[in-house]
A.B. asks: 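Before anything else, here's the structure in question.
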Amino acid sequence: SPHVRHVFAVRHSALHMMKSTGKIAAEAEKADHGGVMNFSELKIATTKMLVNVLKLAEEMGMSPEELAANVPNVMASA
């Protein structure tokens, strides 16, 4: 059903974003313990995060332009 597909798509996007978040956190923790962050890995993880945010927005019926237009309002309330 459309509802089941929608729920799957939202959950799947969230899981992919959590994977990216984990990679970013791993690089930050490495630096916390005296290591050096791998900025190449951070750039890849950040790009993948954005791709999954855009996929989630599409699933929610939002265009990239609508998503970007909402940023100032969300940032002002943060």
Side-chain angles (χ1 to χ4, degrees):
S1 78
H3 176 73
V4 170
R5 190 196 65 73
H6 181 74
V7 169
F8 171 81
V10 169
R11 182 177 183 280
H12 198 74
S13 290
L15 291 173
H16 275 285
M17 286 186 275
M18 285 188 279
K19 281 178 60 177
S20 294
T21 301
K23 290 179 182 187
I24 294 166
E27 290 300 322
E29 184 180 22
K30 188 189 316 179
D32 286 350
H33 292 279
V36 177
M37 283 189 196
N38 181 333
F39 281 92
S40 177
E41 288 296 321
L42 286 170
K43 288 178 181 182
I44 292 168
T46 301
T47 302
K48 287 182 177 183
M49 177 82 79
L50 177 60
V51 167
N52 284 294
V53 166
L54 291 170
K55 286 181 180 180
L56 179 58
E58 180 181 23
E59 186 62 35
M60 304 304 296
M62 298 172 71
S63 69
E65 295 79 15
E66 182 182 357
L67 186 63
N70 285 334
V71 169
N73 292 334
V74 172
M75 293 299 290
S77 66

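Being a predicted model, the structure only gives us computed values, none of them experimental.
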A.B. asks: Are Val10 and Val53 linked, directly or through other ILVMFWY residues, by side chains that come within less than 4.5 angstrom of each other?
C.D. replies: yes
A.B. asks: Thr47: what forms a side chain to side chain contact (heavy atoms under 4.5 Å, CB included) with it, not counting sequence neighbours?
C.D. replies: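 Applying side chain to side chain contact (heavy atoms under 4.5 Å, CB included) to Thr47 gives none.
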A.B. asks: In terms of side-chain geometry, is the basic nitrogen of Arg11 or Glu59 positioned less than 4.0 Å from the acidic oxygen of its partner?
C.D. replies: no
A.B. asks: Mind checking the CE-CG spacing from Met62 to Leu56? Nearest 0.5 Å is all I need.
C.D. replies: 9.0 Å
A.B. asks: Kindly compute the distance separating CD (Glu41) from OG1 (Thr46), expressed to the nearest 0.5 Å.
C.D. replies: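 Between atom CD of Glu41 and atom OG1 of Thr46 there are 10.5 Å.
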A.B. asks: Parallel under 30°, tilted from 30 to 60°, perpendicular over 60°: which one fits the rings of His12 and His16?
C.D. replies: perpendicular
A.B. asks: Taking all atoms of both residues into account, what is the closest heavy-atom pair of Leu42 and Met37, and its distance?
C.D. replies: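 Leu42 and Met37 have their closest heavy atoms at CD1-SD, 3.6 Å.
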A.B. asks: Out of curiosity, Leu15 CG to Phe8 CZ, how far, rounded to the nearest 0.5 Å?
C.D. replies: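 Rounded to the nearest 0.5 Å, the CG-CZ separation comes out at 8.5 Å.
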A.B. asks: Can you tell me how far CD of Glu58 sits from OG of Ser13, rounded to the nearest 0.5 angstrom?
C.D. replies: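 The distance works out to 9.5 Å.
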A.B. asks: Can you tell me if NZ on Lys19 sees more than 12 non-hydrogen neighbours from other groups inside 6.0 Å?
C.D. replies: no
A.B. asks: My understanding is that only residues two or more places apart in sequence, or in another chain, count here; which of them pass side chain to side chain contact (heavy atoms under 4.5 Å, CB included) with Ala69?
C.D. replies: none
A.B. asks: Working to the nearest 0.5 angstrom, can you tell me the gap between Glu27 CD and Lys43 NZ?
C.D. replies: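 With rounding to 0.5 Å, CD (Glu27) is 13.0 Å from NZ (Lys43).
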A.B. asks: According to side chain to side chain contact (heavy atoms under 4.5 Å, CB included), who are the partners of Leu54, at least two apart in sequence or on a separate chain?
C.D. replies: Leu50, Pro64, Leu67
A.B. asks: Can you confirm whether Met60 sits close enough to His6 that some side-chain heavy atom of one is under 4.5 Å from a side-chain heavy atom of the other?
C.D. replies: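 The answer is yes, as the side chains (C-beta and beyond) meet within the 4.5 Å cut-off.
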A.B. asks: If you compare all heavy atoms of Lys30 against all heavy atoms of Val36, which two are closest, and at what distance to 0.1 Å?
C.D. replies: CD-O, 3.2 Å
A.B. asks: Minimum heavy-atom separation for Ser20 to Lys48, with atom names?
C.D. replies: OG-CB, 3.7 Å
